[in-house]
Q: 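Submitted below is the structure of interest, expressed as structure tokens.
Residues take their numbers from the sequence shown, with the count starting at 1.
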Amino acid sequence: MATSFPRDARILRFNPRAPQGYEGRRQDLLWPVLAYRVGVPVSPRAEQMDLFQRAVFGVLLHGVNDPRQIADILHLHPDLVRIVKDFLVERDLIDQDDIVKPDAERRYREARFDLGQRPDGFTTGYVFQDPFSGLLLPRLIETLETADFTVRENGFPEVQRGERVSRPYVESLPSEKPTPPRAADVMRAFDSSRKAQKGRWELDEDEGTEARFLSRVKRVNFIEQEPEVMYLSTFIFGQGLSGWEVADPFGLPTSPLTALAHKRLAKSKGLRSRVQRLAEEGTEEREASRDPVEEALVDLQHRFGPQVEDHPLLQTLLDTELATAEFRAAPASQRQRRARQALVATRSLIEHLLREVRSRHSTAGAERQLIDRDALYNLRRIEAAADALSFAVPLPPTLTSVKAADVYWMANREQSAKLRPLLVGILLSASAHADHPFRAVARSAPHFLQKFDEVLGWCAEAAHMGPTPADLTGLVEPAVDYIYQVTNLLLAVASPAVTPAEPTFRVAPEPQDVDFDDLEL
């Protein structure tokens with residue numbers, strides 16, 4: 001750690017906690033972060049509509065959708081009507097053809113509105129960047145909560161919380177700071193923070209307020225160029241080097257700091273020493289010889305070659321390999337839970353894989369080949385696209401029944417939560433690219449789409465909240481093995497991704513907890 005802890009630094013103390021029922025050992029930790037203060041315009045809540053929006057929507061309910069006709073009825077300018085209609089499309093009340101969507105009328109009747117409501121408010125918040133990897137933590141904090149501390153003569157801090165005084169281990173800052181994030185990177189952190197809010201241990205009044213704030217963030221207007229160094233107060237817990245985690249500093253069930261700290265372990269003797277103290281007496285020497293991340297990297301090198309460290313999906317591959325290794329080493333009483341976690345990690349790998357293919361071969365406009373609410377036409381069109389590439393047909397109903405609206409959002413936006421619509425969007429656009437990897441895959445594996453859809457179904461069983469519907473332990477090995485093969489197929493033959501002019505940032509991955517899920521396949 002540093003020679004002396006900075007006396008003017010801020011230690012952030014929210015509510016870190018271990019999983020319910022955990023009573024093992026723990027070591028207090030202060031993790032440094034670079035805090036950026038951001039200015040955020042906040043749109044009104046989604047259920048609010050102003051007078052113009054309600055008036056235009058009311059006319060649309062009566063079947064009148066021409067802007068000039070609506071303008072004549074309401075005595076408004078046609079351009080204003082078009083702006084309001086764009087808003088209604090964005091709020092998912094009407095589609096691109098001005099057709100009122102199902103359930104939209106009920107939402108309209110129940111909506112609240114205020115003639116004095118400003119279209120945009122303004123607030124500030126903080127996002128945090130890991131100084132070692134440059135990744136943004138998927139957390140947005142509107143209000144900082146600081147802890148009282150004193151610095152002893154030897155330069156080590158003591159943190160006070162009520163009557164308790166702790167002497168945490170402090171991970172020292174690197175000598176160089178990473179490149180500051182951009183507004184788009186911060187928005188991705190916001191989106192991840194929204195998802196993480198759904199997995200809280202509990203939702204009290206203050207946490208509900210924060211979740212509502214996150215749901216209204218639409219863009220970032222300002223980011224301070226010079227961050228402030230702060231320290232997140234948390235703790236590590238578990239059993240030695242093979243099974244330790246970092247409690248989320250913000251009180252959520254899982255923490256992105258776990259993966260970041262595991263990567264830091266090889267370069268930080270102090271952190272390794274603290275982790276080793278978690279082990280029972282006599283096990284330190286045995287555990288010290290094992291580094292799960294290094295072992296996972298070696299296994300990936302056997303799969304993907306010695307250049308795996310330059311693989312575009314390295315972090316997600318590591319997460320999948322680590323989760324699979326934990327499943328293999330789990331005792332019988334924990335195998336079902338570990339299987340679920342491994343399949344959730346596999347799903348995340350699939351999502352990143354499809355996103356990588358989409359980034360290399362544009363899918364924009366793929367939804368134009370489909371017709372909204374015409375299931376039979378869409379089925380024939382999707383199977384025709386597959387047959388044209390020499391894939392085996394018929395395709396599974398779960399693929400051919402995807403909604404045109406979902407394909408639109410997955411093909412034209414950065415979202416990737418719905419994997420089957422994303423897969424269909426890639427399929428429909430493949431014929432437009434002479435070097436598309438689906439062409440080579442179809443020749444070598446005609447039943448690729450059927451098998452891929454089956455693996456998606458396995459991951460869906462694991463990812464969705466609720467009791468596990470079936471024994472998942474027999475699905476982990478075939479699912480991981482198959483997705484590794486698919487990753488090699490899709491990325492080995494694809495053209496290299498174009499290197500962006502500016503540095504590309506990623507948000508630290510949010511670990512999937514077995515007790516919640518906010519994704520839909």
Q: Strictly distance-based, threshold 3.5 Å: is any side-chain N or O of Gln129 a donor or acceptor partner for the main-chain N or O of Leu135?
A: no
Q: Enter the distance from Leu354:CG to Ser359:OG here, rounded to the nearest 0.5 Å.
A: 11.0 Å
Q: Fit a plane to each ring of His262 and Trp244, take the angle between them on a 0 to 90° scale, and name the class: parallel (under 30°), tilted (30 to 60°) or perpendicular (over 60°).
A: parallel
Q: Using a strict threshold of under 4.0 Å (side-chain N to carboxylate O), is an ion pair present between Lys263 and Asp130?
A: no
Q: Report yes if the side chains of Asn378 and Gln369 come closer than 4.5 Å at any heavy-atom pair, otherwise no.
A: no
Q: Determine whether Leu297 and Leu314 make a side-chain contact, defined as any pair of heavy atoms from C-beta on separated by less than 4.5 Å.
A: yes
Q: Is the backbone of Gly425 close enough, under 3.5 Å, to the side chain of Glu367 for a donor and an acceptor to pair up by distance?
A: no
Q: Assess whether atom NZ of Lys403 is packed by more than 12 heavy atoms of other residues, nucleotides or ligands within 6.0 Å.
A: no
Q: Using distance alone, with no hydrogens and no angle criterion, decide if Thr400 and Glu383 have a side-chain donor and acceptor under 3.5 Å apart.
A: no
Q: Determine whether Leu423 and Met410 satisfy the following criterion, side-chain contact (heavy atoms from CB on, under 4.5 Å), listing intermediate values before the conclusion.
A: CA-CA 9 Å; Leu423 177 61; Met410 296 302 103; over 6 Å; no
Q: For Trp31 and Phe235: C-alpha separation, side-chain torsions, deciding distance, then whether ring pair (Phe, Tyr, Trp, His ring centres under 6.0 Å) applies.
A: CA-CA 9 Å; Trp31 191 268; Phe235 57 87; over 10 Å; no
Q: Between Val127 and Leu137, is there a side-chain heavy-atom distance shorter than 4.5 Å?
A: no
Q: Show your reasoning for whether ring pair (Phe, Tyr, Trp, His ring centres under 6.0 Å) applies to Tyr231 and Phe5.
A: CA-CA 11 Å; Tyr231 291 82; Phe5 186 82; 4.8 Å; yes
Q: Could you go step by step and tell me if Phe304 and Leu317 meet the side-chain contact (heavy atoms from CB on, under 4.5 Å) rule?
A: CA-CA 10 Å; Phe304 298 93; Leu317 287 168; 3.9 Å; yes
Q: Are any side-chain N or O atoms of Ser233 and backbone N or O atoms of Leu30, one a donor and one an acceptor, separated by less than 3.5 Å?
A: no
Q: Without hydrogens or angle criteria, can the side chains of Tyr484 and Thr346 be said to hold a donor-acceptor pair below 3.5 Å?
A: no
Q: State whether the side chain of Arg340 and the backbone N or O of Cys459 hold a donor-acceptor pair below 3.5 Å, judged by distance alone.
A: no
Q: How about Phe391 and Phe452: are their ring centres within less than 6.0 Å of each other?
A: no
Q: For Tyr408 and Arg413, does a side-chain donor sit closer than 3.5 Å to a side-chain acceptor?
A: yes
Q: Quick check for you: to the nearest 0.5 Å, what is the distance between Thr487 atom OG1 and Leu349 atom CG?
A: 4.5 Å
Q: When you compare the side chain of Arg303 with that of Asp481, does any pair of heavy atoms fall below 4.5 Å?
A: yes
Q: Let me confirm one number: the CG-CG distance from Leu322 to Asp299, rounded to the nearest 0.5 Å.
A: 9.5 Å
Q: Is a side-chain donor or acceptor of Thr234 paired with a backbone partner of Ala247 at a separation under 3.5 angstrom?
A: yes
Q: Under the 3.5 angstrom rule, does the side chain of Ser268 hit a backbone N or O of Arg264 as a donor-acceptor pair?
A: no
Q: Check the orientation of His433 and His361. Use parallel for under 30°, tilted for 30 to 60°, and perpendicular for over 60°.
A: perpendicular
Q: Does any N or O in the side chain of His352 come within less than 3.5 Å of the main-chain N or O of Ser348, such that one atom is a donor and the other an acceptor?
A: yes
Q: Taking the side chain as C-beta and beyond, is there a heavy-atom pair between Leu29 and Arg274 under 4.5 Å?
A: no
Q: Would you call Glu228 and Arg37 a salt bridge, using N to O less than 4.0 angstrom?
A: no
Q: Is there a side-chain contact between Leu343 and Arg347 (heavy atoms, below 4.5 Å)?
A: no
Q: Checking side-chain contact (heavy atoms from CB on, under 4.5 Å) for the pair Leu370/Ile382: CA distance, chi angles, key distance, verdict?
A: CA-CA 8 Å; Leu370 306 178; Ile382 294 171; 4.0 Å; yes
Q: Roughly how far, to the nearest 0.5 Å, is the CG atom of Asp319 from the CD atom of Gln341?
A: 12.0 Å
Q: Glu351 versus Arg355: any side-chain heavy-atom pair under 4.5 Å?
A: yes
Q: Does the separation of the ring centres of Phe438 and Phe448 fall below 6.0 angstrom?
A: yes
Q: Answer yes or no: is there a donor N or O on one side and an acceptor on the other, between the side chain of Ser273 and the main chain of Lys269, under 3.5 Å?
A: no
Q: Nearest 0.5 Å, what's the CG-CG distance between Leu379 and Leu395?
A: 8.0 Å
Q: Quick one: does any side-chain atom of Gln301 pair with a main-chain N or O of Glu309 as donor and acceptor, under 3.5 Å?
A: no
Q: Would you say that Trp458 contacts Val476 through its side chain, given a criterion of any heavy-atom pair below 4.5 Å between the two side chains?
A: no
Q: In Å, rounded to the nearest 0.5 Å, how long is the span from CZ of Arg13 to CG of Asn15?
A: 7.5 Å
Q: Distance-only, no hydrogens or angles: does the Tyr169 side chain make a donor-acceptor pair with backbone N or O of Leu271 under 3.5 Å?
A: yes
Q: Run Leu313 and Leu491 through side-chain contact (heavy atoms from CB on, under 4.5 Å) and show every step you take.
A: CA-CA 10 Å; Leu313 304 182; Leu491 297 189; 3.9 Å; yes
